[in-house]
Amino acid sequence: MSPNGNGTHASTIRPLKPGIYAPIPSFFLPESEDLDIPSFESHVVYTATAGVGPVLAGSMGEAIHLSHEERVALIKTARKALDHAGLLNVPIIAGIGAGSTRESIDLANEAAAAGADYAIAITSGYFAGVLAGNKKAVKAFFQEVSSKSPIPVIIYNYPGASGGINLDSDLITELAIECSNICGVKLTCGDVGKLTRVAATISDPMFSYLHPRTNKNAPFLVLGGFSDFLLPSAYSNGHGAITGLANVAPHAIVKLFELSEASIVDPSFLPEAQRVQGIVGRADATIAKASISGTKYLLQKLYGYGGHPRRPLPPIDPVAAEALWEHSHTQALVRLEEEVSGKMR
């Protein structure tokens with residue numbers, strides 16, 4: 001479909017809602033490292049069926065290892081698989097991280113044409129030595145990308161993947177106010193205070209009146225980048241998370257979000273929300289240390305697909321893999337996922 005003005009691409013019909021989203025891994029065949037499309041399709045549908053929205057070609061998706069053509073192929077594949085499974089209203093968020101502003105804009109146009117509903121953009125870390133201390137340049141990046149993208153854009157703040165560039169709450173708030181085609185932020189910096197400050201601005205009843213979004217389906221969402229502070233973020237008017245742990249235990253993470261939201265209305269849900277948050281928080285810290293290769297190992301162990309990252313990223317060491325699987329935090333999460341999903345291994 002062709003664009004219909006900034007941020008109102010004709011395919012943007014699926015609302016962006018508070019909740020849980022997962023950065024979907026890109027799966028590769030063992031020898032050739034070509035895309036493993038069947039595994040990718042299975043995982044997108046499995047997580048979406050559990051209530052988890054897909055984020056494609058992000059850090060977990062090894063976007064830096066993908067060609068433009070492969071990114072497009074994954075978006076088209078995901079949309080087709082979701083529609084075939086009857087999940088027509090599940091939106092697709094596509095990563096548009098690249099080395100330059102120009103390329104990020106190109107990726108946004110390609111993502112929209114392939115069927116993505118939203119984009120998520122991160123500053124390039126290659127010249128972080130220059131950009132990290134230049135707020136004007138960083139701000140200009142998000143201003144230009146969002147103004148030229150045919151679909152709404154989410155800010156991705158992840159210092160670990162951008163050479164240490166770390167957007168502060170003032171800059172994020174300025175972008176939210178000034179850029180109507182920006183529809184949210186993902187805080188993989190893990191800064192709960194920053195989430196609280198940004199959410200305080202966004203949740204003000206006057207914000208949406210004074211600063212309406214370009215696309216009515218794309219309100220500004222304040223999303224964590226981990227699962228370990230979902231409950232606290234709910235009480236700070238956060239909107240959920242884009243979290244890698246939702247690949248491993250999608251039903252459990254969705255349940256935690258639902259309990260967190262319910263406990264605000266009915267405090268009787270709070271003890272259970274705290275119990276589940278404790279299990280998820282410990283598992284998130286443990287599994288995150290194993291990075292992409294550890295998550296893929298756990299997916300292989302639990303669901304029969306996962307494989308290895310593309311080189312030069314190494315697979316997880318076999319001894320470390322076994323230790324990760326046997327860790328009490330991992331096993332507690334597995335039991336919780338079985339409890340919530342009703343599926344025993």
Side-chain angles (χ1 to χ4, degrees), residues 1-16 21 23-24 26 35 37 40 44 53-83 88 90-127 131 137-158 161-162 175-176 178-186 213-221 242:
M1 296 181 184
S2 60
N4 185 26
N6 174 49
T8 56
H9 191 274
S11 68
T12 311
I13 57 174
R14 302 170 187 90
L16 187 67
Y21 298 83
I24 302 295
S26 299
L35 290 174
I37 294 297
F40 176 78
V44 167
V55 179
L56 311 181
S59 303
M60 180 67 73
E62 299 178 61
I64 195 69
H65 294 161
L66 301 176
S67 68
H68 283 228
E69 293 77 15
E70 287 175 321
R71 293 186 190 217
V72 166
L74 291 177
I75 295 168
K76 288 182 176 180
T77 297
R79 185 71 270 155
K80 183 178 179 180
L82 289 168
D83 290 351
L88 283 74
V90 173
I92 290 175
I93 303 171
I96 57 170
S100 68
T101 304
R102 178 190 177 102
E103 188 177 6
S104 287
I105 295 167
D106 287 344
L107 287 167
N109 281 289
E110 291 168 7
D117 300 282
Y118 304 92
I120 183 166
I122 188 171
T123 49
S124 171
Y126 195 86
F127 295 112
L131 293 173
V138 173
K139 184 176 180 179
F141 166 76
F142 287 104
Q143 287 174 321
E144 185 173 359
V145 170
S146 65
S147 68
K148 294 181 178 178
S149 171
I151 50 180
V153 176
I154 298 169
I155 299 166
Y156 184 14
N157 187 50
Y158 184 15
S162 57
L175 289 166
E178 297 171 17
C179 303
S180 62
N181 200 36
I182 289 180
C183 63
V185 61
K186 176 190 178 184
R213 300 299 92 183
T214 302
N215 191 294
K216 63 180 178 63
N217 286 330
F220 195 101
L221 301 187
I242 300 175

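Quantities reported herein were computed from a predicted structural model and do not represent experimental measurements. Only this structure's heavy atoms are used, side chains among them; waters, hydrogens and symmetry mates stay out.
Counting heavy atoms from C-beta outward, Asn215 and Leu16 have side chains that stay 4.5 Å or more apart. Proximity of Leu74 to Ile24: side-chain heavy atoms (C-beta onward) are nowhere separated by under 4.5 Å. Phe40 is listed as a side-chain neighbour of Thr77, based on a closest heavy-atom distance under 4.5 Å. In this structure, Tyr118 and Val55 have side chains that are not in contact, with every pair of non-hydrogen atoms separated by 4.5 Å or more. The closest side-chain heavy-atom distance from Asn181 to Cys179 is not below 4.5 Å. The closest side-chain heavy-atom distance from Asp117 to Arg79 is below 4.5 Å.
Ser104 places a side-chain N or O within 3.5 Å of a backbone atom of Ile96 that can act as its donor or acceptor partner.
Residue Ala137 comes nearest to Leu131 through the heavy atom pair CB-CD2, 3.8 Å, listed as atom of the first residue, atom of the second, then distance. Taking every heavy atom of both residues into account, Lys186 and Ile242 meet most closely at CE-O, 3.2 Å. Minimum interatomic distance between Ile182 and Ser146 (heavy atoms only, all atoms of both residues): CG1-CB, 3.5 Å.
For NZ of Lys76, the number of neighbouring non-hydrogen atoms (other residues, nucleotides, ligands) closer than 6.0 Å is 12 at most. The 12-atom threshold is not exceeded at CD1 of Ile64, counting heavy atoms of other residues, nucleotides or ligands nearer than 6.0 Å.
Interatomic distance, Gln143 CD to Leu175 CG, rounded to the nearest 0.5 Å: 6.5 Å. Atom CD in Glu110 sits 7.5 Å away from atom CD in Glu69 (nearest 0.5 Å). Distance check, rounded to the nearest 0.5 Å: CD1 of Ile155 to CD1 of Ile120 gives 9.5 Å.
Glu70 and His65 share no donor-acceptor pair across their side chains, judged by distance under 3.5 Å alone.
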